[in-house]
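Working notes, beginning with the structure itself.
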Amino acid sequence: MEVKILGTGCPNCRRLEKVTRQALADMGVEASVSKVTDFGDIMAYDILTTPGLVIDEKVVSSGRVPSKAEVTSLIATELSAAKG
């Protein structure tokens with residue numbers, strides 16, 4: 001699984017990264033987590049506001065920091081879709 005945090009490094013972007021890493025650890029899911037900070041690269045994902053959360057090249061959240069429970073649910077959904 002590949003997870004990307006889209007944002008320029010603002011406090012919300014850092015909080016989203018922390019919540020995402022915690023959710024992955026709690027679930028025991030191994031994933032590559034990277035930060036996309038270049039504005040041009042962020043715009044390629046067609047989001048209007050950061051932070052953004054991308055799982056396996058699919059934007060699953062943007063413009064807010066979802067709770068850890070919501071991130072866990074998003075990860076689980078993408079894992080199910082990948083298996084299906």
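Counting non-hydrogen atoms of other residues, nucleotides and ligands closer than 6.0 Å to CD of E30 gives a total of 12 or fewer.
Residue I55 is tested with K4, M1, E2 for a side-chain contact (heavy atoms from CB on, under 4.5 Å); the sole match is M1.
N12 meets the side-chain contact (heavy atoms from CB on, under 4.5 Å) test with C10, R15, P51, V65; sequence neighbours excluded. Every residue meeting the side-chain contact (heavy atoms from CB on, under 4.5 Å) condition with S67, not counting sequence neighbours, appears here in chain and number order: A69, E70.
The hydrophobic clustering, which links ILVMFWY residues whose side-chain heavy atoms are closer than 4.5 Å, places V33 and L6 apart. Side-chain heavy atoms closer than 4.5 Å link hydrophobic residues (I, L, V, M, F, W, Y) into clusters, and following such links, possibly through other members, connects L74 to V3. If you chain together hydrophobic residues whose side chains sit under 4.5 Å apart, I75 and L16 fall into the same group. Follow the hydrophobic side-chain contacts under 4.5 Å out from V19 and you reach V60 in the same cluster.
Between G7 and I42, the shortest heavy-atom distance links the atoms N-CD1, 3.6 Å.
Side chains of V59 and V54 form a contact here, defined as non-hydrogen atoms less than 4.5 Å apart. Within the 4.5 Å cutoff, no side-chain heavy atoms of R14 are placed close to those of K18.
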Is there a side chain to side chain contact (heavy atoms under 4.5 Å, CB included) between I5 and L53? Walk through the geometry before answering.
CA-CA 5 Å; I5 308 298; L53 179 61; 3.8 Å; yes
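Between atom OG1 of residue T50 and atom CE of residue M43 there is a gap of 10.0 Å, rounded to the nearest 0.5 Å. The CG atom of D46 sits 9.5 Å away from the OG atom of S62 when rounded to the nearest 0.5 Å. Annotation: the span from Q22 atom CD to E17 atom CD amounts to 11.0 Å, rounded to 0.5 Å.
For residues 72-84, the pairs satisfying side-chain hydrogen bond (donor to acceptor under 3.5 Å, both in side chains) are K58-E78, with sequence neighbours left out.
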